[in-house]
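All values below were derived from every heavy atom in this structure, side-chain atoms included, with hydrogens, water molecules and symmetry-related copies excluded.
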Amino acid sequence: MPSKLLKGGVALFAVLLSAVTQADWTLNMPQGVTDISDQVYSLHMLTFWVCVGIGVVVFGVMFYSIIKHRRSKGAVADNFHESTAVELAWTLIPAAIIVYIGIQAFPVLKNMYDFEDSELTVEIVGYQWKWRYTYLSDDPTQQVSYFSNLATPAEQIRNRTDKGENYLLEVDEPLVLPVGSKVRFVLTAADVIHSWWVPQLGVKKDAIPGIVNESWTIINEPGIYRGQCTELCGKDHGFMPVVVQALPQAEFDEWMAGKKEEAAKLAELTQKDWTYDELMEVGESVYQKNCASCHQANGEGLPPTFPALKDSPIATGDVMAHIDIVVNGSAQNPAMAAFGPQLSEVDLAAVITYERNAWGNDTGDMVTPVDILNYNAGQ
Amino acid sequence: MTTTTHDHHDDHAHHGPAKGLARWLFSTNHKDIGTLYLWFSFAMFFLGGVFAMVIRAELFQPGLQLVEPAFFNQMTTMHGLVMVFGAVMPAFVGLANWMIPLMIGAPDMALPRMNNLSFWILPFAFAMLASTLFMEGGAPNFGWTFYAPLSTTYAPPSVTFFIFAVHIMGASSIMGAINVIATIINMRAPGMTWMKLPLFVWTWLITAFLLIAVMPVLAGVVTMMLMDIHFGTAFFDAAGGGSPVLFQHVFWFFGHPEVYIMILPAFGVVSAIIPAFSRKKLFGYSSMVYATASIAFLSFIVWAHHMFTVGIPFAGELFFMIATMLIAVPTGVKVFNWVTTMFRGSLTFETPMLFSIAFVVLFTIGGFSGLMLAVAPADFQYHDTYFVVAHFHYVLVPGAVFSIMAAAYYWLPKWSGRMYNETLGKTHFWLSFVGVNVTFFPQHFIGLAGMPRRIPDYAVQFADFNMVSSIGAFLFGASQLLFLFIVIHTIVAGKKAKAKPWDGAEGLEWTVPSPAPFHTFDTPPKVD
């Protein structure tokens with residue numbers, strides 16, 4: 001028994017220790033890498049020290065009384081219980097402090113609301129449970145747009161492997177921004193309310209379906225800055241990080257050119273002759289990224305909100321109906337989003353092919369990118 | 001009839017409670033109904049506590065261990081709803097039922113049958129709410145603030161039961177509030193003038209007006225949800241011309257006064273206990289009354305400080321920032337008054353006093369973080385992080401809940417006729433005090449470092465403080481079992497209590513024997 005206890009104790013200690021070695025004991029808000037985040041930090045510290053000051057005085061008097069005026073020390077109660085002068089003083093002094101803090105906050109707030117003169121505008125759309133970033137451009141064909149998904153593997157979340165350094169704060173494709181120029185964000189959401197937050201930038205703004213919000217930033221230093229969705233948005237609210245990569249202007253331009261090239265290549269892929277095996281391979285990865293959080297990796301879903309695809313009437317029935325629900329979403333169940341605007345034709349074709357043949361569905365059907373193009377043309 | 005007139009008369013004069021279950025089911029006696037409310041809220045405190053333990057157990061370490069994210073969201077939602085509507089609010093209504101008639105020299109509440117109804121619909125509301133845990137699709141999972149469209153278009157089917165449960169809770173609260181107001185206005189003993197009312201009565205009177213003003217707003221917002229979900233309206237759906245932001249305005253117009261509903265009666269409790277154990281009159285009685293009224297008024301014009309990040313215009317941010325910070329002024333007046341009451345008193349530290357002192361200190365810390373949150377530019381960093389979780393738990397747990405515990409220890413001799421065991425009481429206090437701070441203080445740090453609220457799993461840099469917080473929560477949770485034991489032990493085996501067990505206590509409730517007889521103040525006392 002004692003040895004068992006000892007083993008248990010050692011195991012617990014090891015667990016505690018491993019947690020300690022990975023973590024740190026950060027106490028305060030980051031000062032950040034923008035002028036706004038720095039000003040916010042100063043405001044935060046100002047209010048904090050004001051509170052500490054008041055606390056020292058109030059609790060000081062209280063603990064003085066607790067120590068000196070206890071009956072066990074023979075203290076006899078006084079009988080004063082009113083003083084207009086004192087009451088007036090401790091009404092007016094706090095009011096003055098508040099006015100002072102208000103005056104300090106005013107310019108910062110005003111600055112945060114100055115959305116003018118931006119050099120780049122990025123549209124941020126919140127989806128359950130990922131972000132879409134679009135670099136707005138006057139020429140829509142030149143617009144770069146992509147999704148940013150959680151990149152932490154399920155094995156780490158389920159504690160089957162060790163957690164990486166940026167556990168839950170890593171994405172497949174970060175939002176890339178240039179350093180030193182004013183970037184305006186316009187935010188909205190496709191389904192429920194999300195909130196886009198990067199502490200190092202001092203930017204947090206709600207992404208609300210049907211409403212367009214604005215925010216902005218000028219990043220002073222190149223680097224990678226991590227944040228998270230901060231508005232409860234359903235099951236995987238804890239699993240939609242925000243990662244911003246800030247690059248010097250020249251590198252940013254290079255990256256942008258690369259993105260545009262990629263988009264052109266993708267258009268070519270649509271016309272290529274796809275084999276069943278290629279589609280299945282691409283389909284599986286698309287499924288894991290976009291579908292598995294609800295319908296589950298094994299296709300069994302989480303009924304009733306997230307139905308099973310395995311042996312489901314849609315995945316084993318009419319192909320057109322299957323394409324329709326993936327492209328346009330479900331009218332009966334809003335949890336099933338429309339993936340037409342989110343995925344490329346290649347990805348759509350591949351994922352539908354995958355769903356029709358995985359987990360023993362084995363319909364043998366193959367949907368090609370051209371089928372999707374034809375379907376869209378016929379709509 | 002003729003032969004038994006005398007007996008009947010005799011019966012009537014000494015008529016006591018009915019026997020068995022009927023006593024509790026059909027009771028119109030303010031003391032029995034007060035007892036029912038208090039035990040009900042105690043039960044809900046444990047139910048909500050179990051949900052909290054699930055949350056803290058899952059957050060003990062990073063990674064998903066015990067529950068799935070979908071269930072985790074149900075736990076945070078149910079924890080909030082049960083604690084706010086099931087534990088804190090009914091506890092204060094229970095205290096009001098027991099103490100207001102005793103404090104103002106009234107024989108009972110003004111509307112005894114409504115009193116019975118307002119209690120007995122509550123168990124049904126919470127049974128309905130709790131039953132959603134067993135429904136297909138699970139319990140409500142959209143947070144206690146139930147923002148649309150997560151709570152409408154994207155909600156589980158059980159949301160309809162949630163809406164009806166909230167309606168019933170609201171009806172119960174409104175009836176309770178009407179009863180409190182009618183009692184205080186009409187049933188004060190001769191000579192009990194307004195500025196002689198104990199502060200607990202004053203704070204409850206103002207709370208009751210808040211309840212009547214905002215519970216219908218809550219009923220309105222859940223009805224709009226019901227219409228959106230089942231009857232094709234689009235109040236909160238932008239595609240149909242509505243707005244998700246409208247939901248938040250209506251909700252917080254209820255929600256902000258609601259937080260004062262949960263704290264004003266606590267101010268009243270502490271204003272009774274601190275003078276009693278300081279053996280000195282409350283400092284600044286009239287300023288306490290005015291401060292309470294000011295807080296209540298301000299609570300109606302600050303709601304959008306919960307919405308600084310939803311994109312309200314610059315002028316709106318400015319207005320709500322200043323209005324919110326202003327609340328610190330009357331709240332500060334209260335804290336200064338309590339401290340000055342203690343200054344040059346003759347202090348002793350029985351359990352009710354310990355809880356009250358802890359209330360003043362820890363509620364003030366919650367007030368400080370509230371002031372920080374009011375500063376709009378900084379709120380962009382704090383909003384929806386654990387800093388907010390730390391803030392409102394500091395005002396609600398060592399705030400509202402500690403005041404309820406203080407009240408229970410202070411008045412338990414009056415209710416039960418027996419004294420609690422002081423050593424056990426102090427043990428309970430110190431365990432709770434340590435537990436609450438170990439739980440919630442580190443949450444300030446993880447919030448500032450960037451951990452959002454309502455997440456089942458977190459980045460590894462938050463691991464240490466989360467583990468500390470969970471250990472504190474288990475300690476706090478376990479200590480409440482001791483509280484339950486103390487209460488039962490007192491009722492069953494406590495030493496007999498005197499009519500006035502506290503030498504410094506003041507008020508009419510101490511002029512009746514302990515336990516308070518079934519009927520008190522049949523003839524009104526004279527107050528001079």
Review point. Are A:Glu87 and B:Lys334 ion-paired here, with the side-chain N under 4.0 Å from a carboxylate O?
Key: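 No, A:Glu87 and B:Lys334 are not salt-bridged.
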**Study point:** Charged N-O contact under 4.0 Å between B:Asp503 and A:Arg71
**Key:**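 A salt bridge links B:Asp503 with A:Arg71.
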**Study point:** Residues of residues 96-104 of chain A contacting chain B, heavy-atom criterion under 4.5 Å, by residue number
**Key:**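 Within residues 96-104 of chain A, near chain B: A:Ile98, A:Ile101, A:Gly102.
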Review point. With respect to chain B, which residue among A:Tyr64, A:Phe106, A:Tyr41 yields the maximal number of heavy-atom pairs within a distance under 4.5 Å?
Key: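 Maximum pair count with chain B is reached by A:Phe106.
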Practice item. Considering only heavy atoms and a distance below 4.5 Å, find which of A:Lys73, A:Lys235, A:Arg226 pairs most often with chain B. Key: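 Ranked by contacts with chain B, first place is A:Lys235.
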Interchain contact, [X] with chain B, by part (heavy-atom threshold 4.5 Å):
| X | answer |
| --- | --- |
| A:Leu43 | side chain |
| A:Leu109 | both |
| A:Phe48 | both |
| A:Leu46 | neither |
| A:Thr152 | neither |
| A:Ile66 | both |
| A:Asn213 | side chain |
| A:Asn166 | neither |
| A:Glu214 | neither |
| A:Met62 | both |
| A:Val76 | backbone |
| A:Trp197 | side chain |

Practice item. Measure the acute angle between the ring planes of B:Phe283 and A:Phe80, then classify it against the limits of 30° and 60° as parallel, tilted or perpendicular. Key: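 Because their plane-to-plane angle is over 60°, the rings of B:Phe283 and A:Phe80 count as perpendicular.
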Practice item. Over 60° means perpendicular and under 30° means parallel, so classify the ring planes of A:Tyr113 and B:Phe380, tilted if in between. Key: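 Ring orientation of B:Phe380 relative to A:Tyr113: perpendicular.
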Between the main-chain N or O of [Y] and the side-chain N or O of [X], is there a donor-acceptor pair closer than 3.5 Å?
| X | Y | value |
| --- | --- | --- |
| A:Asn159 | B:Leu64 | yes |
| A:Lys204 | B:Gln381 | yes |
| B:Asn73 | A:Gly234 | yes |

**Study point:** B:Ala374 portion near chain A, given a 4.5 angstrom heavy-atom threshold
**Key:**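 Neither; nothing under 4.5 Å.
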List the atom pairs, donor and acceptor, that lie under 3.5 Å between side-chain atoms in residues 321-333 of chain B and the rest of the protein, sequence neighbours left out.
{"unit_1": "B:Thr324", "atom_1": "OG1", "unit_2": "B:His305", "atom_2": "ND1", "d": "2.7"}
{"unit_1": "B:Thr324", "atom_1": "OG1", "unit_2": "B:Phe320", "atom_2": "O", "d": "2.4"}
{"unit_1": "B:Thr331", "atom_1": "OG1", "unit_2": "B:Ile327", "atom_2": "O", "d": "2.7"}

Exercise for review: May I ask you to check whether A:Tyr167 and B:Phe462 place their ring centres under 6.0 Å from each other?
Suggested key: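 No, ring centres 6.0 Å or more apart.
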**Study point:** Ring centre gap for B:Phe343 and A:His69 strictly below 6.0 Å
**Key:**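 Ring centroids of B:Phe343 and A:His69 are less than 6.0 Å from each other.
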